[in-house]
Every structure is written in C-alpha cells, then in structure tokens.
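In each ligand, atom 1 is the first atom listed, and ligand 1 is the first ligand listed. FYI, the numbering just counts along the sequence from 1.
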Amino acid sequence: MIPMVDLKGELEILKAPILNALKEVLESGEYVLGKKGKELEQKIANYVGASYGAGVGNGTDALYLALRALDIGPHDEVLTTPFTFFATGEAIAQVGAKPVFVDIEEDTYNIDPLKIREKVTPNTKAIIVVHLYGQTAKMQEIMELAREFNLKIIEDACQAIGTEYKGKRIGGIGDIGCFSFFPSKNLGAYGDGGMVVTNNKKLYDKIITLRNHGSSIKYVHSTIGMNSRLDEFQAAILLVKFNFLDVFLHKRKEISKRYTMELNNIVKTPSLSETREHTFHQYCIELDNRDQLAYFLQQNNISSAIYYPIPLHLQEAFYYLNHKKGDFPISEKAAENILALPIFPFMTFEKQDRVISTIKQFFEKLNTSEQY
Ligand SMILES: *Cc1c(COP(=O)(O)O)cnc(C)c1O
C-alpha cells in the first residue's frame, strides 16, 4: 500500500540525532517550558520573520490563544472560510465569538478577498486567513481590507510553514500567525505541538500569560487562561527536524511538479503563480468522478484522502449558525470533487509513477466504457 504520508523514510536520517536530543532532555530534568522550547520559539520566529514565538500545546490552541490575545469573544464576529480543517471554526466558537464564513476561490481553495467586504459588519473583529494545503492566500488584498475595516489578521498557517509570499514567509505577515506541529504536518513533532508568532510585544506577553493559566508570576493569576505549553521532548524533536525543513519542502515541490506535469491534461491540478507559492502539505486534484477514482486507487493499493468532505457550515456542530446547502457553492463543490494524493518528502519517483499510471489507467477505462 502506498500511504498518504510515510514517516519511516525520514526516520532513517533523523533517528540518531533525535535520540541524542531526547536523551539530553531526559537528563536535563526540564520537561515543560525549558531551554529547547525557547530555542525553538526563537528559531521559528526568526524563520518566519516575526519578533516573538510562543510554543503551545497544538495548532488549535494556537488559534484559540491568538483570538483571546486580541480580546475577541462574545458578540464579536470572525471571518474565515468553511473549507478548512474544523479547528479553524472551532477556535472562533471556543472564545464565544461567531464564525462568519466567506466562500473560497475556485483555483486555490483559499478565502476570496472579493467576498470579504459583503460579510463585514460593525461586529467583525478579525479574519482568520487559512493558507490551505500549503498555498498562500491573497495576503496583500486581505491586509488592505483589514486596514480599511480595522480588522485583525490571524494567519492559520498550520499547513503552510515555510511558504513565501512576496519575499516574506507566511505566519509573519498578519497580526498573529499560528502553526501546528501535529506529526503529519510539514514540520511535525512525534506528538502534539504548536506555535504562535507575532511582531507585537503586548500580544506576545498576553499569549505567554494565557498559555500558562493566566499567570506571568508564579501563583499569581491575572486572568483565566489555560494550560497549553510545548513540552521539551517535542521541542527537541522539532529542533532536529527544523534543520531539514527547507530540504523537505523542496522535495515536496519536486514531487508536486511531476504530478502536475503528468496529470494536468486529465484532471484539475493545483494552480500556481509567482505570488501564490505552495509548499504542498497536500497535493489535491479535482475531478467529477472523485469517489470512483478513490475506490480504483484503493483497489490498486494506493491511498488517497479527502480534505475536507464536509464544509464547516454543513457540520452538525455549526447547525446553530443556520446555514444550508448552497450557501457556499465553491466550498461545497470542492468538498465533492477534491482528492489528495500521496505526497511526502521521501516518496520515491517509482512509487509516484505507480500513482500516476494508475490514475491514467482509471481514465482510459472510463473513456472506453463511455464509448459503448
Ligand atoms: C492541523 C490544523 C489545525 C489544528 O492543529 P492541531 O495541532 O491539530 O490542533 C488548524 N488548522 C488547520 C488548517 C490545520 O491543518
């Protein structure tokens, strides 16, 4: 079976340095919020061009803490797209605010800046911009709208660490950037982890207080926070993997180029441009016979996946927002037609060729059966 992600290949290179780093932590006696975490915070902040980084428990908490730091809560509205991982909308609801959805662009699956204006009300406080699959949203247009309407920008960069936009790395462009280190992400720990980055010292101070029970002085609590911290073992693992991040991202891009070259005549492949860089956390194609192809691939021992089959506005958890089918047609169409193909830095060209030829075979069969 060719899996969606295979972490075994990279483990061969990473195993020795990671075991060393883990041993160091084990013997240090420092397990939560220590030296490794600090070093990682500085490295990631520096990498994305932000002044401050705060390690947290996971990407979902990163989003929640970003909203809290911006004082967003009940009676506030936050714009985002319904075509994202559930956590984006969930964090908005967790702080008591209302998720207000904006449909996506057909070509990149990211928030459509042209549809933002009509959703802004006096209660709108922020936009969570998701850089889906690793591709940048149209940040310049979005930042201009943010200035016009005095909105804060949170970047959900959980799938897009290292992606560049006009010479800057995403996550460091808006007011706050959020990253996830879930194992399958482009920079993945071997457990949960996340990071919040910002250029604003006040926001940073709030975030490090909130992640630690609303406390900046031991046993003195200025606000209700939470316990969401990055542990030293995960930070140590991430520091080792961080050294390989750019190489791994480059490999993803190489694999994606081969997919596009071979498949763009038969299915819709990711659309790229100079300002729409993509680091391919997922490589997604779009086609009418999505479910049939997924089945055919499975029959041929090839995994594929759907990110995401149900847009947020049609999730039971958000029924209270009173949306119905048809409200966000581009998101709904994407949910019906999209299919993610296996991609990971250590995917061999041989394996990839098997995926490609199986897809071609599927379409040959489909075409001949249509002729009869
Ligand atoms: C993974 C992900 C999250 C949540 O990150 P966790 O670390 O799993 O909590 C949020 N948003 C997007 C777009 C993601 O892909």
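- Taking a 4.5 Å side-chain heavy-atom cut-off between Ile, Leu, Val, Met, Phe, Trp and Tyr, the cluster of Y319 contains only that residue.
- The parts of T60 lying near ligand 1 are both backbone and side chain, judged by heavy-atom distances below 4.0 Å.
- With a heavy-atom cut-off of 4.0 Å, T88 touches ligand 1 through its side chain alone.
- Every atom of ligand 1 with a heavy atom of A87 under 4.0 Å away is listed here by number and element: 4 (C), 10 (C).
- Interface atoms of ligand 1 facing N58, defined by a heavy-atom separation under 4.0 Å, are 7 (O), 9 (O).
- Under the 6.0 Å cut-off for aromatic ring centres, F328 and H313 qualify, their centroids lying closer than that.
- At least one heavy atom of K185 sits less than 4.0 Å from an atom of ligand 1.
- Separating the CG atom in L114 from the CD atom in E141 is a distance of 8.0 Å, to the nearest 0.5 Å.
- The aromatic ring centroids of Y133 and Y109 lie less than 6.0 Å from each other.
- No donor-acceptor pair closer than 3.5 Å links the side chain of T136 to the backbone N or O of Y165.
- Scanning all protein heavy atoms for the shortest distance to atom 15 (O) of ligand 1 gives Q159 NE2, 2.8 Å.
- On a distance-only criterion, F182 and ligand 1 share no N/O pair closer than 3.5 Å.
- Residue-to-ligand polar distances place D156 within reach of ligand 1: an N/O pair is separated by less than 3.5 Å.
- A salt bridge links D353 with R258: the distance from a Lys NZ or Arg NE/NH1/NH2 to an Asp or Glu carboxylate oxygen falls below 4.0 Å.
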For residues 88-102, which side-chain N or O atoms pair as donor and acceptor with protein atoms under 3.5 Å away, sequence neighbours left out?
residue: T88; atom: OG1; partner: T84; partner atom: OG1; Å: 2.8
residue: T88; atom: OG1; partner: F85; partner atom: O; Å: 3.2
residue: T88; atom: OG1; partner: D156; partner atom: OD2; Å: 2.9

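- Residue S180 places at least one N or O, backbone or side chain, under 3.5 Å from an N or O of ligand 1.
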